[in-house]
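All of these numbers come straight from a predicted model, not from anything done at the bench. Numbers here simply count residues along the sequence, with the first being 1.
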Amino acid sequence: MRSLRTACAAVAALVLAGCSSGPSGPPVPPAAERDQDALIRYAQRVLVDGCLDRQGLAVAREPSSPQESRRLRDALFGAGPTELSLALPTGHTVRAHTDGCLAAARHALYGDQRRWFRAEVTVNNLSAEAAARMRADPAHRAARDRFAQCLDATGPTRTPVPDKGVEQRCARESGLASVETRLRPVRLAEVRSLRRDQLTTHMRLRTRALHRAAEISAAYPHGNTPEKGSASP
């Protein structure tokens, strides 16, 4: 397995050469996407470490008191009320700070923290949104009812969770498994179509982050972070 440093260097070379996929380009192979994720995480860590160093803090150092622990947490994640908020179609709300070293690192990488937050949260919850739409489908509701009746027919169990084998049999006999196999890709395609603008924004901002991360990786190739008190890269 390649080390993180080797993976980052390889991806950085590709990105700087202009080989990253655009929003309408072909899908990135899973292995390449993992390497891209590693590159962005590495650059984010460099930025965060530099930000904390300039405040006399470090994640690796054990806080000497509850006050210092609070200071480190606030410096890293931000303090006070959250400034960013997005209500999802699933009913959940995701919130985040715009201050703190982590937020500053994301702003440096993605360029527009608010747009990235909205796009990232939306894209990360596409599967959950598709699952909610699938559960609302009449065919899925009917299959769930048959599934529940099948479980009830097996009689009481000693544990609150039914046996896995029984669940699998009831999923087959009730048709729930086949209904989910049919509906899941359809609902996911619907959701991706509805959120096309956010998907495009996500890809564009991620591509920007990859280019920025490649520059940071080139400046700090051996895991070195900015010296305490120096300007951020």
Heavy-atom side-chain proximity of [X] to [Y] below 4.5 angstrom:
{"X": "R172", "Y": "Q168", "answer": "yes"}
{"X": "D137", "Y": "R187", "answer": "yes"}
{"X": "L176", "Y": "H140", "answer": "yes"}
{"X": "S174", "Y": "Q149", "answer": "no"}
{"X": "T122", "Y": "L199", "answer": "no"}
{"X": "R106", "Y": "E120", "answer": "no"}
{"X": "R133", "Y": "L194", "answer": "yes"}

Identify the two heavy atoms, one from [X] and one from [Y], that lie closest to each other, and give their separation to 0.1 Å.
{"X": "Q198", "Y": "A119", "result": "OE1-CA, 3.2 Å"}
{"X": "A75", "Y": "L57", "result": "CB-CD1, 3.6 Å"}
{"X": "R208", "Y": "Y110", "result": "CD-O, 3.3 Å"}
{"X": "E180", "Y": "P185", "result": "O-CD, 4.3 Å"}

Given 3.5 Å as the limit, does a donor-acceptor pair link the side chain of [X] with the main chain of [Y], or not?
{"X": "R118", "Y": "R114", "result": "no"}
{"X": "D163", "Y": "V166", "result": "yes"}
{"X": "R141", "Y": "A136", "result": "yes"}
{"X": "S217", "Y": "A213", "result": "no"}

Report the hydrophobic cluster partners of L183, with the cluster defined as I, L, V, M, F, W, Y residues connected by side-chain heavy atoms closer than 4.5 angstrom, directly or transitively. M134, V179
Please answer: with hydrophobic residues joined when any side-chain heavy atoms are less than 4.5 Å apart, are Y220 and L39 in the same cluster? yes
Grouping I, L, V, M, F, W and Y whenever their side-chain heavy atoms are under 4.5 Å apart, do Y42 and W116 come out in a common cluster? yes
When you compare the side chains of S193 and R196, does any donor N or O come within less than 3.5 Å of an acceptor on the partner? yes
Once you round to the nearest 0.5 Å, how far does [atom1] of [X] lie from [atom2] of [Y]?
{"X": "C51", "Y": "Q44", "atom1": "SG", "atom2": "CD", "answer": "11.5 Å"}
{"X": "I40", "Y": "R45", "atom1": "CD1", "atom2": "CZ", "answer": "14.5 Å"}
{"X": "L109", "Y": "L47", "atom1": "CG", "atom2": "CG", "answer": "5.5 Å"}
{"X": "F117", "Y": "R95", "atom1": "CZ", "atom2": "CZ", "answer": "9.0 Å"}
{"X": "T207", "Y": "H202", "atom1": "OG1", "atom2": "NE2", "answer": "10.0 Å"}
{"X": "L126", "Y": "E190", "atom1": "CG", "atom2": "CD", "answer": "13.0 Å"}

Does CZ in R70 sit with more than 12 non-hydrogen atoms of other residues, nucleotides or ligands closer than 6.0 Å? no
Under the salt bridge (charged side-chain N to carboxylate O under 4.0 Å, His left out) test, residues paired with D99 that sit two or more places apart: none
Ion pair R195/E129, N-O distance below 4.0 Å: yes
Check this for me, if you would: do K164 and E167 make a salt bridge, where the nitrogen-to-carboxylate-oxygen distance has to be below 4.0 angstrom? no
Pair R212-E215, salt bridge (charged side-chain N to carboxylate O under 4.0 Å, His left out): steps then yes or no: CA-CA 5 Å; R212 187 72 181 98; E215 295 170 353; 3.2 Å; yes
For residues 76-87, dump all side-chain donor-acceptor pairs below 3.5 Å to protein atoms at least two apart in sequence or in another chain.
unit_1, atom_1, unit_2, atom_2, d
E83, OE1, T98, N, 2.8
E83, OE1, T98, OG1, 3.3

